Amino acid sequence: MLKALCRTLTAARPRGSHARTLAAVTLAAALVAGCGSSSATSQSSTTGKGLGGSMKGQLTVWDWDDSTPGFAQAFAQIDKQFEAAHPGVTIKRVVQPYPNYPQLMQATFTAGSGPCVAEFLVGQNGPAVLHFQAGLVPLNAYVTPAMRSQLTQLNTVSSNYSSSGTIYALPFGLQPQVLYYNKKLFKKAGLNPGQPPTTYAQLASDAKALKAAGITPFAGGNQDGFMSEWWFSYLYPGFGTEQKSLQLALGKLALNDPSVTNTISHFLSLVHNGGFSANVASEALTPDAANDFAAGKGAMFVGLGSGGTASYVPFDQSLGTANVGVAEAVGETGTPSYLPGGPASSWGIPTYCQNKQLAWDYIKYSTSVAAARLLWEDDGMLPGNTGFTLPSNAVVQAREMAAAFRSHPFLYPAHGLWSASVDNAYRQQMELAVDGKESAAQVVAAMQSAASAP
Amino acid sequence: MPWLFLLPLLALMAGFRLIPMIDAVRLSFYHWDGISPPVWVGFRNYSALWGDPAFRDALRNNGLILLTLPVWVILPLAVAIGLRERVRGWRIFRIAYFIPCAISPLIVGELANLFLRYDGPVDRILRDVGLRGLAQQWLANPSLALWVMMAVIIWANFGTGVLIYLAGAATIDESLYDAAKIDGASRWRQHRHVTLPQLREVIQFYGVIVLIGAFAAMFPYVYSLTGGGPGTSTYTVEFDVYQQAFGQGELGYGSAVGVVLLLLLLVLVIAAMRIFRMGEER
């Protein structure tokens, strides 16, 4: 009976409120019974030695506002179910503004007081796990072999990006960096909407054709430099490799490596050849540029695969599913060495947390197959837990991305892996470079200077 | 006994100003990420400052902001004198000038961003009046952004100056003007020989406030208007403190930037006070 229930939980399920209710009920039951993916929850309560703390009371969880009601909706359910499975426990969820999240987290670590569970980006840039690793509980002793095999890219939350390194968080979701394109506008420009660009040369020639047809090739906004980050990560697999991206992040690859300079100069070439609208330097990437693409004001947009204002979810709503194409990274000439994408986010436990055991149970639950299902159903988030497969009736873009990431090697976007200081220099200089005030070589020089600063 | 009345304030000042300030000086000699134990680095943070292009840009920008101080001080003075003359509709003008001061700097920043964006209302107005060539990306142009930002800040704050000057002008003895009139002094001479000397201390006070503000109250505007960009073209030293300490997690280095800012301000304020005193003695 229990096995059957567990199978029900892990089986693919169509979207819909009935399905969600059923999932919620069975999940709660499964949690209490301690089966399947959620069995780890109760298991850790009994076997997770050394974490300690009370298993009752309030557990404060911080995440950031990603502007999608679906994310909040999914976690409201996850919290509710966790509370049901842990009598006497209440989850206090605090949604913080994303732009200030690193500063707020920094303050909690300095003060030694704050949430017991916090959301972090993977990697070391921004509100990222490895940026705060000194203040996070190492989790190696508690991560089971099943979790190691099911959770996507544990190395991106581990010291030195090593699969044998110290694990500081549990990742969830899958966030590909992809190119969306407007099939209607492609058709209008005489391009084949069934053949999105696969090489840089095709990307550039498609842009040229679109421009000739009076269509802005790319929707974009680099006001804060974030567009340059996304484009770097999107193009880097065409000019670099997975290995080089990791070396770059660890400071073991010179920043003036041809893979870096080529990526930057090829992106700038698209900008300076009129690929973007005239306001590219003064517009914000999200929501402005994403909204432009959604409104048909640009034919292509480098965006995110999962959730948020820059994903297929709002694009499908405004342009119609049939008009939104999604393409993976382009190669310089052939196929790219890997696909840029990795966990959407992760959960970590600060060392100052008093109820570490309860926090561990919570993050394990939040990254389980059942939670992945809820995140898919409510938010359209692609699953980072390989125990959950998208249902066959899932929206086409999601299925295509999931299939591509199943069949190709992939690594978290390059800009998320390198250090915050290198990223800061990159974004600052790219604001000038996009405006034509600096060259790729000057951008790289500034990044080198930031990397070598004491 | 009087000390007892001062004690609560002194305790607050010590707790929230003095001790953190001393601690910031201490931290400036450490490398500290805010999480791991601080590591003593001596003067390395200070020596690194001079090679840091962001810090150099921030210093240069603060220097440029300093050059605009006469505008900060004189513009509201001129407006206040105009209002004192009871020009037609002066009450409406007084309210209109002060309204921006009652709006949060962050909201001012966001609104200005909306107005100044490429193809936003400012550009559209320019196009409509036949000045299409002037329309541009006001805050994304590195050679313009600082000046545009300053214009927004002056617009947002000069009402405070007007109000301070008006309050000062209200205390001027009317008989001084009557005497000047009897002596045949023109309006201009009345203001030159009565209003300005009588407002000398108010002008000095406001000048010092503006001087301090130019170094220590720009943050919300920089943060909301440009985020320091494009590049570091609108960085200020106080914005750099925030970026280093909380953006990069370099609390020791950020403290060193903060200490330099404090010293810089001290020197400038002392110099300004000396100049004012010399003027008084003369």
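Proteins get letters first, then strands, A, B, ... in listed order; numbering begins at 1 in each. Remember, predicted model here, so these are calculated numbers, not experimental data.
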May I ask you to test the B/Gln243-A/Asn424 pair for a side-chain heavy-atom distance under 4.5 Å? yes

Per-residue contact mode, B/Asn113 against chain A (heavy atom under 4.5 angstrom): side chain

Do side-chain atoms of B/Gln137 reach the backbone of A/Ala278 as a donor and acceptor pair under 3.5 angstrom? yes

Which heavy-atom pair separates A/Ala134 from B/Asp33 by the least distance, and what is that distance? CB-OD2, 4.4 Å

Short question: side chain of A/Thr110, backbone of B/Gly34 - any donor-acceptor pair under 3.5 Å? yes

Of the listed A/Ala111, A/Pro102, A/Ser421, the one with the largest count of heavy-atom pairs under 4.5 Å with chain B is A/Ser421

Give the member of A/Ser277, A/Gly135, A/Ala281 that has the highest number of heavy-atom pairs under 4.5 Å with chain B. A/Ala281

Counting only heavy atoms closer than 4.5 Å, note whether A/Asp435 contacts chain B via side chain, backbone, both or neither. side chain

Heavy-atom contact with chain A under 4.5 Å, split by part of B/Tyr253: neither

May I ask you to decide if B/Phe246's main-chain N or O and A/Gln106's side chain share a donor-acceptor pair within less than 3.5 Å? no

Side chain, backbone, both or neither: which part of A/Ala107 has a heavy atom under 4.5 Å from chain B? neither

Go through the atoms of B/Trp138 and report whether side chain, backbone, both or neither lie under 4.5 Å from a heavy atom of chain A. neither

Toward chain A, the part of B/Leu251 with a non-hydrogen atom under 4.5 Å: side chain

Distance-only donor-acceptor check, side chains B/Tyr118 and A/Gln223, under 3.5 Å: no

Is it the backbone or the side chain of A/Val280 that comes under 4.5 Å from a heavy atom of chain B, or both, or neither? backbone

Give, as side chain, backbone, both or neither, the part of B/Gln244 having an atom under 4.5 angstrom from any heavy atom of chain A. neither

Do you know which of B/Gly229, B/Gly120, B/Pro142 has the most heavy-atom pairs under 4.5 Å to chain A? B/Pro142

Is it the case that atom CZ in B/Phe43 sees more than 12 heavy atoms from other parts of the structure closer than 6.0 Å? no

Close contacts, residues 287-298 of chain A versus chain B, judged by heavy atoms under 4.5 Å: A/Asp288

